[in-house]
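The structure displayed is predicted, hence computed values, not measured ones. Remember, it's 1-based here, ligands and their atoms both numbered in the order they're listed.
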Amino acid sequence: MTETGVALRPVHEDDLPMLEALTNDPQAAGAFEWHGWHDPHFLRRRWSESGMLAADNGMLMIDLDGQRLGFVSWHKTRSGSTSYCWNAGLVLIPEARGHGYGTEAQRLLVRYLFAHTQMNRVEASTEAGNVAEQRSLTKAGFTREGVLRGYAFRDGAWRDHVLYSMLRSDLDPDPERD
Ligand SMILES: CC(=O)SCCNC(=O)CCNC(=O)[C@H](O)C(C)(C)COP(=O)(O)OP(=O)(O)OC[C@H]1O[C@@H](n2cnc3c(N)ncnc32)[C@H](O)[C@@H]1OP(=O)(O)O
C-alpha cells in the first residue's frame with residue numbers, strides 16, 4: 001500500500017464482473033484498450049485454474065480503501081535465447097482515471113514483480129496516441145525507449161506503440177528495508 005491508500009491484491013471471485021466489464025465492454029475499456037469481444041467465460045476459466053496468478057502471467061486488483069479501481073496484469077516475454085522479461089499493463093474504471101491511481105498502481109506492480117521474481121526488466125508498451133499512459137509510465141519511473149512502428153492491430157488499423165521499461169537497477173531502494 002502507498003500513502004495514497006492504493007494497494008494491489010489478488011483477484012476474488014466477486015471481482016470477475018468488473019474485470020469482464022473492463023475487458024469486454026467498449027465504453028469501460030476506453031479508446032485504446034478495446035480489442036473486440038472475447039470469450040465471456042475466459043476470465044472465469046483463468047480464475048478457476050490459477051486465481052489469475054500463473055507462473056508466466058498474472059493479474060491483481062487495484063484497490064483504494066476497499067474500493068475496486070481496476071486491475072494490473074503482466075505476462076512473460078522472451079527477450080533472448082535464455083532471457084525473459086515481464087510485459088505489464090493496467091486498466092482503471094473510467095471514474096478512477098486522472099487521479100494518479102494508475103501511476104501508483106504501476107509503481108506498486110514493478111516493486112512487486114522485482115521483489116517476488118528474479119526478472120531484470122519490466123516493459124510496457126502503449127499506443128502512440130495514449131498520452132495519459134505515457135505520462136503515467138514516466139511518472140512511475142519508466143524510461144521511454146522508442147517507437148515500435150506499425151506494432152499492433154486495433155480497430156481496423158496498425159498502430160505505432162511507444163516502448164517503456166524499468167530495470168531492477170532503476171528501482172529506488174525500499175526505504176523500509178535496511
Ligand atoms: C501498458 C498499458 O497498460 S497501455 C493501456 C493503459 N490503459 C488504458 O489506456 C485504459 C484506460 N486508462 C486508464 O486506465 C488510466 O487512465 C491510465 C492507466 C492510462 C493512467 O492512469 P491514471 O491514474 O489515469 O494516470 P494519472 O492520473 O497518474 O496520470 C495521467 C497523466 O496523463 C495526463 N493526461 C491524461 N489525458 C491526457 C491527454 N489526453 N493528453 C495529455 N495528457 C493527458 C494527465 O494530465 C496526467 O498527467 P499529470 O499528472 O502530469 O497531470
SB check D63 R68 (cutoff 4.0 Å): no

Ligand 1 to V131 polar contact by distance, N or O atoms, under 3.5 Å: no

For atom 14 (O) of ligand 1, closest protein heavy-atom neighbour: L92 N, 2.8 Å

Option with minimal heavy-atom separation from atom 6 (C) of ligand 1, where the choices are V91, T126, I93, L90: L90

Any N/O pair K139/ligand 1 closer than 3.5 Å: yes

Within-4.5 Å side-chain heavy-atom neighbours: V72 and M61: no

Atom 50 (O) of ligand 1: nearest protein contact (heavy atom, Å): R135 NE, 2.6 Å

Pair E123-T77, side-chain donor/acceptor within less than 3.5 Å: no

T143 and S165: side chain donor to acceptor below 3.5 Å: no

Contact summary for M119 and C85, nearest pair of heavy atoms: SD-CA, 3.8 Å

Shortest non-hydrogen contact from L53 toward M59: CD2-O, 4.0 Å

Short N or O distance, G100 and ligand 1, threshold 3.5 Å exclusive: yes

Parallel, tilted or perpendicular, as decided by the 30° and 60° cut-offs, for the rings of F42 and H38: perpendicular

Mode of L137 contact toward ligand 1 - side chain, backbone, both, neither (heavy atoms, under 4.0 Å): neither

Atoms of ligand 1 close to G98 [distance to a heavy atom under 4.0 angstrom, numbered from 1]: 22 (P), 23 (O), 24 (O), 27 (O)

Sub-4.0 Å heavy-atom approach of A88 to ligand 1: yes

Minimal non-hydrogen separation, V162 against A128, with atom names: CG2-CA, 3.9 Å

For H99, atoms of ligand 1 separated by under 4.0 Å from a heavy atom: 27 (O)

Atom 5 (C) of ligand 1 - nearest protein heavy atom and its distance: E33 OE2, 3.2 Å

Q106 versus S136, closest heavy-atom pair with distance: NE2-OG, 2.8 Å

Atom 35 (C) of ligand 1 [closest protein heavy-atom partner, distance rounded to 0.1 Å]: A132 CB, 3.4 Å

SB check R107 E104 (cutoff 4.0 Å): yes

Distance-only donor-acceptor check, side chains W86 and T117, under 3.5 Å: yes

Atom indices of ligand 1 within 4.0 angstrom of Y101 heavy atoms, with elements: 23 (O)

Under-4.0 Å heavy-atom contact between protein and atom 12 (N) of ligand 1: yes

G102 N/O to ligand 1 N/O under 3.5 Å: yes

Protein heavy atom at shortest distance from atom 15 (C) of ligand 1: R97 CG, 3.8 Å

N or O pair under 3.5 Å between T103 and ligand 1: yes

Any protein heavy atom nearer than 4.0 Å to atom 45 (O) of ligand 1: no

Protein contact of atom 9 (O) of ligand 1 - nearest heavy atom, named by residue and atom, plus distance: N130 ND2, 2.9 Å

Atom 23 (O) of ligand 1 touched by protein (heavy atom, under 4.0 Å): yes

Location of contacts on E133 toward ligand 1, heavy atoms closer than 4.0 Å: both

Location of contacts on S125 toward ligand 1, heavy atoms closer than 4.0 Å: backbone

Single-linkage hydrophobic cluster F71~V110, side-chain heavy atoms < 4.5 angstrom: no

Residue pair W74 / L113, side-chain heavy-atom distance below 4.5 Å: yes

